Amino acid sequence: MELVEESPYRFRIDQHDEMRVPGVVFASRSLLPDVHADKSLEQVVNVATLPGIVDASYAMPDVHWGYGFPIGGVAATDIDTGGVVSPGGVGFDISCGVRLLAADLDRSELQPVLDKLMDGLDMSTPRGMGKGGLWHVSGRSGLAAVLTGGSRYAVEQGHGVARDLERCEDYGAVGDADPDRVSDRAIERGGQLGSLGSGNHFLEVQAVDHVYDERTAEAFGLRTGQICVMIHCGSRGLGHQICTDYIRMMEGAMVEHHIRVPDRQLACAPVSSPEGQAYLAAMAAAANYARANRQVLGEAVRRVFERVTRRGLDLVYDISHNLAKIETHAVDGQQRQLCVHRKGATRALPPGHPDLPADLAGVGQPVLIPGSMGAPSYVLTGVPGAPAFASTCHGAGRAQSRKQAAKSVQGQDPRRQLEARDIAVRGASRRGLAEEVPEAYKDISEVVEAAEGAGLCRRVARMVPVGVVKG
DNA sequence: ATGTGC
């Protein structure tokens, strides 16, 4: 793999063979994937061959090997010139994302009731594989309003307050969701609303330990020493089933649309085709399910928090990092309608962007970066004139597979190691913890430093874990 | 990520 270092945090893979655009990798030298163990840079090249791709096939500093597309990949296609949409460019966990709530409470004030709070969160957070959720909605008729209304519908039904929606991407729901494009099987798997899931999904009590930009932090409602709650989860079995259904559909439709791709996992269809439109409508439904899921979990946290601490929690923001969106961007000086795939990449709107609520217009969109277990998490914001369609990293990014990680910690006790650092742990399985140990991930601080160095975003605040609830 | 692997 020929990588040309263009600047300290930007590498180019020149266009060759079937590539329609170059590849661009935003990373420091030390963050570049090991090409022997991780095929993500090959995947960057493969994505560059997709019909209608514009500008470049991008990789964020946390890039690693994924299904077809790399995780940490951004690719935009031009809708009017046959650009495609690919389920692999969104991922199986459609609209997986992060919600951050902030309390008017300092770490020292929480300490006396921390155990009580953690026990309350332990009780109120369904998690793990295949379990049900807090909000019992099921069947096509029951779920339809969730799939079209997302967090807005959850708030209407009493799971939160109207102000929350001002702090949600798309004000709580994406348009163009169509429940009729969601299979019966996906609907059957939809009875998990208000549940965390497993793997790297978590609910964490955190404390702000560093503020990089006082003015922006203040606009986001954040200050040093403050207690926050971060929720990282997605669309559970429903989103997974939708991804599976449409990969299959598109594998069949590729011949008809005369599309050939170098990897079968890049199955795709023109955005304007019936298959492309159906996928986007089903994907939007899963996105709304994920948003409602985080809304319901966030509201449950709020109730426990109020009972234990007598303080409220304000929503800082809720943002996805696995989604395709139709957006307008300048390409070669012309405004074009693009389908922007962000897979393990976070939208980062700059100050002044029209999609921001008025009170964030001066500072930009909060970008929420969950750390790996035991590591800090970050709040970033967008910057003007950034490359990659206003996108940045989404987390630490795996450095070891789950299997490798579980093997490498044999004989250690990950729970004890967290508790030794005064991090309270609730409910996590040994296997789950083993797969998520810090060694399995890149260094989150290095990742956000590279993202900022590459001109993708700016750091606003850092939070450290106080207590973690995992599946 | 996922009622975990055709």
Side-chain angles (χ1 to χ4, degrees), chain A residues 38 40 43 62-73 86-99 126-133 136 138-139 143 182-203 231-248 251-252 263-265 267 282-283 285-287 289-291 293-294 297 319-324 341-346 370 372-373 394-407 428-436 440-441 470-471:
Chain A
D38 175 307
S40 58
Q43 294 186 315
D62 49 341
V63 67
H64 59 111
W65 197 4
Y67 180 92
F69 287 59
I71 296 162
S86 174
V90 172
F92 279 86
D93 194 1
I94 296 167
S95 205
C96 179
V98 183
R99 170 168 290 231
R127 57 197 185 274
M129 286 287 294
K131 308 278 170 44
H136 300 275
S138 64
L143 278 167
V182 177
S183 69
D184 290 340
R185 198 158 171 206
I187 293 287
E188 280 168 27
R189 295 179 68 175
Q192 301 177 311
L193 208 50
S195 70
L196 207 51
S198 59
N200 71 349
H201 288 165
F202 64 76
L203 187 157
I231 298 168
H232 177 207
C233 65
S235 51
R236 309 289 281 108
L238 180 135
H240 191 277
Q241 188 62 48
I242 287 172
C243 182
T244 304
D245 292 339
Y246 281 91
I247 285 170
R248 186 168 303 164
E251 280 173 348
D263 176 355
R264 184 180 172 168
Q265 296 184 351
M283 181 210 69
Y289 183 92
R291 282 119 188 261
N293 190 29
R294 290 193 289 273
L297 285 169
I319 183 82
S320 308
H321 48 232
N322 282 0
L323 206 61
H341 301 73
R342 294 188 184 88
K343 180 189 191 177
T346 315
S372 53
M373 192 174 69
H394 86 303
R398 272 200 173 271
Q400 290 180 347
S401 70
R402 291 174 204 287
K403 212 177 192 174
Q404 276 177 313
K407 201 174 164 190
S429 68
R430 193 188 141 72
R431 170 81 191 190
L433 290 180
E435 290 176 350
E436 300 298 321
Y441 284 87
K470 276 185 83 73

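The structure presented is a predicted model; accordingly, all values stated were derived computationally and were not measured.
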Starting from [atom2] on [N], measure out to [atom1] on [X] and report it in whole angstrom.
X: A/R431; N: B/dT4; atom1: CZ; atom2: P; result: 14 Å
X: A/I247; N: B/dT2; atom1: CD1; atom2: P; result: 15 Å
X: A/R127; N: B/dT2; atom1: CZ; atom2: C1'; result: 18 Å
X: A/F92; N: B/dT2; atom1: CZ; atom2: P; result: 12 Å
X: A/Y67; N: B/dT2; atom1: OH; atom2: P; result: 17 Å
X: A/E188; N: B/dT2; atom1: CD; atom2: C1'; result: 16 Å
X: A/L196; N: B/dT2; atom1: CG; atom2: C1'; result: 14 Å
X: A/Q265; N: B/dG5; atom1: CD; atom2: P; result: 14 Å

If you look at every strand shown and take non-hydrogen atoms under 4.0 Å, does [X] touch a base, only sugar-phosphate, or nothing?
X: A/G234; value: nothing
X: A/Q192; value: sugar-phosphate
X: A/G239; value: nothing
X: A/R398; value: nothing

Heavy-atom side-chain proximity of A/K343 to A/I71 below 4.5 angstrom: yes
Measure the shortest side-chain to side-chain distance between A/C96 and A/H321 over non-hydrogen atoms and say whether it is less than 4.5 angstrom. yes
Can you confirm whether A/R264 is buried at CZ, in the sense that more than 12 heavy atoms of other residues, nucleotides or ligands lie under 6.0 Å from that atom? no
A/E435 with A/K403: basic N within carboxylate O range, under 4.0 Å: no
Just N and O in the side chain of A/T244: are any of them under 4.0 Å from OP1 or OP2 of B/dT2? no
